[in-house]
Enquirer: 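Got a structure for you, written out below as structure tokens; questions coming shortly.
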Amino acid sequence: MQLELSVDRGSPVPLYFQLSQQLESAIEHGTLTPGTLLGNEIELAARLGLSRPTVRQAIQSLVDKGLLVRRRGVGTQVVHSQVKRPLELSSLYDDLESAGQRPGTAVLVNTMVTASAEVAAALGVTEGTEVHRIERLRSAHGEPIAYLCNYIPPALLDLDTGQLEATGLYRLMRAAGITLHSARQTIGARAATAVEAERLREQPGAPLLTMQRVTFDDTGRAVEYGTHTYRPARYSFEFQLLVRN
């Protein structure tokens, strides 16, 4: 592992926490990629001039977060990083790319379907209207992170499978001249179905984060209705809360 690490012994922040924060930042920004070996605790302690219990505590905190794993006969290894997504109108593809997560997309479904009552109400169309349905599996560093199902009004834009696998949906919308303005979003959680568990490499019944979003352009037209599921060990939402006067 070639990584610049340092600790400030004059800081009130505990040494183990300083080390764990640096390692976590390197994982989140892709400097330490999945599969990277950190070496053993003795080597890392000697390199930084720290005690072995301090290094062990730092590593254990990241093991507890699911970012590192100890493998017998192998050593401590990077598993993955958690995507911390700000609660704003952005796409998962853009968020992953800006975080250095190397996003990947597999398009599972790209077809026309008749709108159910739920989809029609979300998109502001008549029930039974034909709309685009796309299902994608989004990954980071080759590991699945989210299953995305989106409904798009008819004749809004060309949804080419190759383009959907090469970039994000919102980028395609912007390229088509659509100005995204606002969204109505609901976040929740539920147990994974057998199909979702298989796609996301989770156990059936494992907890998943859910998100439903209706996105509007600058004319007030609904341009997308999405129902997404995320692996909670890999993904979280960040909120900024303000006091209302």
Enquirer: Could you check if a side-chain atom of L68 sits within less than 4.5 angstrom of a side-chain atom of Q77, using non-hydrogen atoms only?
Expert: no

Enquirer: Taking atom types as modelled, find out whether T161 and N110 have a side-chain donor-acceptor pair closer than 3.5 angstrom.
Expert: yes

Enquirer: Do R136 and N150 meet the criterion of a side-chain donor-acceptor pair at a distance under 3.5 Å?
Expert: yes

Enquirer: Would you check if there is a donor-acceptor pair between the side chains of T227 and Y151 at a distance under 3.5 Å?
Expert: no

Enquirer: When rounded to the nearest 0.5 angstrom, what distance separates CZ in R133 from CG in L159?
Expert: 13.5 Å

Enquirer: Is it the case that the side chain of E196 and the backbone of T193 share a donor-acceptor pair, with hydrogens and angles ignored and the cut-off at 3.5 Å?
Expert: yes

Enquirer: Using atom types as modelled and distance alone, determine if a side-chain donor or acceptor of T129 lies under 3.5 Å from a backbone N or O of T126.
Expert: yes

Enquirer: Quick check for you: to the nearest 0.5 Å, what is the distance between L108 atom CG and L137 atom CG?
Expert: 6.0 Å

Enquirer: Go through S116 and E127 one step at a time and tell me if the side chain to side chain contact (heavy atoms under 4.5 Å, CB included) criterion holds.
Expert: CA-CA 6 Å; S116 65; E127 184 177 352; 5.8 Å; no

Enquirer: Indicate whether any N or O donor in one side chain lies under 3.5 Å from an N or O acceptor in the other, for T210 and R190.
Expert: no

Enquirer: Rounded at 0.5 Å granularity, tell me how far CG in L209 sits from CD1 in I187.
Expert: 8.0 Å

Enquirer: Which heavy atom in Y230 sits nearest to a heavy atom in A146, and how many Å separate them?
Expert: CD2-CB, 3.4 Å

Enquirer: Between Q18 (side chain) and D8 (backbone), is there a donor-acceptor pair under 3.5 Å?
Expert: yes

Enquirer: Looking at P154 and V131, what are the two nearest heavy atoms and their distance?
Expert: CD-CG1, 4.0 Å

Enquirer: Is there any salt bridge (Lys or Arg N to Asp or Glu O under 4.0 Å) pair reaching into residues 109-120, and which pairs are they, with sequence neighbours excluded?
Expert: none

Enquirer: To the closest 0.5 Å, what do you measure between CG (D160) and CD (E165)?
Expert: 9.0 Å

Enquirer: Compare every heavy atom of A122 with every heavy atom of V214, then report the nearest pair and how far apart it is.
Expert: CG1-O, 3.4 Å

Enquirer: Nearest 0.5 Å please: distance from the CG atom of L156 over to the CD1 atom of I178.
Expert: 3.5 Å

Enquirer: Would the number of heavy atoms belonging to other residues, nucleotides or ligands and lying under 6.0 Å from CD of E198 be above 12?
Expert: no

Enquirer: Using a strict 4.0 Å threshold on nitrogen-to-oxygen distance, state whether E224 and R213 make a salt bridge.
Expert: no

Enquirer: Tell me, do Y147 and R199 make a side-chain contact under 4.5 Å, heavy atoms counted?
Expert: yes

Enquirer: Which atoms form the tightest heavy-atom contact between A176 and L157, and what is the distance?
Expert: CB-CB, 4.2 Å

Enquirer: How about Y16 and Q60: does a side-chain donor come under 3.5 Å of a side-chain acceptor?
Expert: no

Enquirer: Output the distance between atom CD (Q212) and atom SG (C149), rounded to the nearest 0.5 Å.
Expert: 10.5 Å

Enquirer: Taking the side chain as every heavy atom from C-beta outward, state whether L32 and L23 have any atom pair closer than 4.5 Å.
Expert: yes

